[in-house]
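In this chain, residues are counted from 1 in sequence order.
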Amino acid sequence: LLLVGYALPSLSFVTPRTRAYQYAGVTLNKSSPSIKPWPATPMKTLDWGKIATQKPPCATKMRASRDDQIEVPENLEMLPTKLYGKRWFQLGMLSFLALISDWVCFSTASSPRTFEAVYDHDAEFLIDIFLYSNVLSCFMVTDTVSKVGMEKSIKGAATLMLVGCLMRSEGYLSSLLHIGDGITPYSVVVLGTVLVGLSQPFFQCTPPMLSAIWFGSKERALSTAVALNANQIGIATAFLVGGAMCHGTDAISMMNYFGVIAVACAAVTSWTLVAFEEKPPLPPSGSEARKLALNKKEPPFFESAKKFLSNKDFYPPLAAFVASITITNIVGAFIDEVMERGGITEQLQINLAGAGFELAILVGGIVIGGYVDKTKQFKRSTLVTLAISFFLLYPLGLTEHQIGQEPMLVLVSLFGLGFVAGPIQPVNAELAVEVTYPSDETAVESTQQIFGNLISALMVPLAAKAAAVDYQLFPDFPDGGYFASDVRGDVVLLSLVSALTYALYTKFDAPLKRSMMDCEEV
């Protein structure tokens, strides 16, 4: 409670707040109906040439350990910025869309036996095909948003996701109309899953852009964490609802479950089509105002991605992002096996544990994201959470021969892992935007999502094979020795990912360029 209180003291869900900044603001367009002048506010200009060659006073606070020159225009007029209360509703719509998309992705993770009994195919294949579709769509998100805008892109993707959900629920709809046998053909389920997978990157790659457009400099990491980690609540929903609705080999129960997902998607999509907006009338921060003032046309996605990958400062946050999404996706996908190792075998208990893991990811994102917003300690928070993740992974696959199964240790480790591993993703999404500023936020996140989902999809079958291997610890001890134990190969694999990422991240040393542009608050 103290951590949450520390992270969220300044949130305002109703009353818009107006704050004055000295920043490289938007040059006032007198003819624009959406931007009105502030006659009572004296305008000042900053000596940007001086700022470009000197470390700003708050650079120490920003933990910018290098002096990098930032090209900025001189003598731009200063305007006040404004935070609008409806920014939370924009965040809510994007978060619910992300929730539904990952609910679809992991819809069969809580009831794999039911799916396999109905279709005689592995449930894991649906997750893989979803992730591959996601990766393919990530190449298109940036250019689509650049051409048609975020509002039309989000609304179009929401509609596409609804079509996919309706296709998956064809059996449920046909049973309502008393047409057919009430079972969605397997090929239709796969195609519907592909459509939802194609739509998801529009909800996953745009949170940093939404945060930059709508939220202040001390809210961005929190906002991005909520939007990105809403996916985890979708996975938790899959465990709770899917586990409650799907029974054994009952095909009708699964069709009804797919129907519930379609209804939820229709409700969220309707809200989005009515209420989602492109941007507020005024920018929320100095860095966003300066970016608007530059009016720089973003290059195509492949050019942006090439630029990012040629920047050595981009690799540590990319590696951390990939590690986070890989660890959480694999643990979520194999939650049944993880829990059974610890002696938790009842399906309801497994589903509740899976839901708790995903909820811990969201709570961790809120708490740690709020801390990073206040302190800008991106590197320290990431290194600490990676180190803790390394140690919390082992109990998920560890069996001590002397003690046997330890369900309480497994649960504590699972929830702790979610709390520390999940927030690494949104924190490093924001960090990647910081080190590439003033690049397109969607291009940055699309690049991270491509690597994250592709590597995660490739790691799922690898982890499944590794899970079948036991590595003996302290093999010199005879059976029954106090230290005799073994650990599963999938846990060793994920621990290796965490350790390698930590080693790479220790070399990170870059200025927070965007935060430096927000340093001129008064």
Check your understanding: Where the side chain of Ser137 meets the backbone of Leu198, is there a donor-acceptor pair that is under 3.5 Å apart?
Key -> yes
Review point. So among Phe451, Phe508, Phe308, which one has a ring-ring contact (aromatic ring centres under 6.0 Å, His included) with Phe314?
Key: Phe308
Exercise for review: Check for a donor-acceptor pair, side chain of Ser133 on one end and backbone N or O of Ile129 on the other, with a separation under 3.5 Å.
Suggested key: yes
Exercise for review: May I ask you to check whether Asn134 and Gln204 show a side-chain donor-acceptor distance below 3.5 Å?
Suggested key: yes
Check your understanding: Do Leu91 and Phe215 come close enough that some side-chain heavy atom pair is under 4.5 Å?
Key -> yes
Review point. Do Asn311 and Thr436 have a side chain donor and acceptor closer than 3.5 Å?
Key: no
Review point. Under 6.0 Å between the ring centres of Phe139 and Phe302?
Key: yes
Point to revise | Beyond-backbone contact of Val338 with Phe357, side-chain heavy atoms, under 4.5 angstrom | key: no
Point to revise | Distance (rounded to the nearest 0.5 Å) between Leu222 CG and Glu430 CD | key: 10.0 Å
Point to revise | Aromatic plane relationship, Tyr119 with Tyr186 - under 30° parallel, 30 to 60° tilted, over 60° perpendicular | key: tilted
Practice item. State, to 0.1 Å, how close Leu166 and Ala262 come at their nearest heavy-atom pair, and which atoms those are. Key: CD2-CB, 4.2 Å
Check your understanding: Do the side-chain N and O atoms of Ser389 and Ser498 include a donor-acceptor pair separated by under 3.5 angstrom?
Key -> no
Check your understanding: More than 12 heavy atoms of other residues, nucleotides or ligands under 6.0 Å from CZ of Phe96: is that the case?
Key -> no
Review point. Of the non-hydrogen atoms in Ala429 and Leu228, which two are nearest, and what is the gap between them?
Key: CB-CD1, 4.0 Å
Review point. Got Cys205 and Cys138 here, is their nearest side-chain heavy-atom distance under 4.5 Å?
Key: yes
Revision key, fill the gap. Tested for salt bridge (Lys or Arg N to Asp or Glu O under 4.0 Å) against Glu277, the lone hit among Arg87, Lys152, Lys86 is Lys86
Review point. How many angstroms lie between CG in Asp490 and CG in Leu393, if you round to the nearest 0.5 Å?
Key: 9.5 Å
Review point. Can you tell me if Thr506 uses its side chain to pair, donor with acceptor, with the backbone of Ala503 under 3.5 Å?
Key: yes
Review point. Taking the side chain from Gln232 and the backbone from Thr328, do they hold a donor-acceptor pair closer than 3.5 Å?
Key: no
Revision key, fill the gap. Taking every heavy atom of Glu170 against every heavy atom of Ile183, the minimum-distance pair comes out as OE1-O, 4.1 Å
Review point. Does Ala221 offer a backbone N or O that forms a donor-acceptor pair with the side chain of Asp373 under 3.5 Å?
Key: yes
Exercise for review: Give a yes or no answer on whether the side chain of Ser199 reaches the backbone of Val196 with a donor-acceptor pair at less than 3.5 Å.
Suggested key: yes
Practice item. Answer yes or no: is there a side-chain heavy-atom contact under 4.5 Å between Val427 and Ser381? Key: yes
Check your understanding: Taking the side chain from Asp143 and the backbone from Phe301, do they hold a donor-acceptor pair closer than 3.5 Å?
Key -> yes
Review point. For Asn329 and Ser456, which heavy atoms make the closest approach, and how far apart are they?
Key: ND2-OG, 3.1 Å
**Study point:** Phe130 side, atom CZ; Ser107 side, atom OG - distance, nearest 0.5 Å
**Key:** 9.0 Å
Check your understanding: For residues Ser153 and Thr144, is any side-chain donor paired with an opposing acceptor at under 3.5 Å?
Key -> no
Practice item. Flag yes if more than 12 heavy atoms outside Lys155 fall under 6.0 Å of its NZ atom; otherwise flag no. Key: yes
Check your understanding: Does Ser310 reach the main-chain N or O of Lys307 with its side chain, forming a donor-acceptor pair under 3.5 Å?
Key -> yes
Point to revise | Tyr132 versus Leu454, closest heavy-atom pair with distance | key: CE2-CD1, 4.2 Å
**Study point:** Main-chain N/O of Val322 paired to Thr326 side chain as donor or acceptor, under 3.5 Å
**Key:** yes
Check your understanding: Is there a donor-acceptor pair under 3.5 Å between the side chain of Glu278 and the backbone N or O of Glu151?
Key -> yes
Check your understanding: Is a side-chain donor-acceptor pair under 3.5 Å present for Thr193 with Arg168?
Key -> yes
Point to revise | Shortest non-hydrogen contact between Asn229 and Gly365, atoms and distance | key: ND2-CA, 3.6 Å
Point to revise | Point-to-point distance, once rounded to the nearest 0.5 Å, from CG of Leu417 to CD1 of Ile327 | key: 6.5 Å
Exercise for review: Kindly compute the distance separating CG (Leu318) from CG (Leu309), expressed to the nearest 0.5 Å.
Suggested key: 7.0 Å
**Study point:** Heavy-atom side-chain contact between Leu411 and Met339 under 4.5 Å
**Key:** yes
Revision key, fill the gap. In this structure, CG of Leu210 is separated from CE of Met93 (nearest 0.5 Å) by 9.0 Å
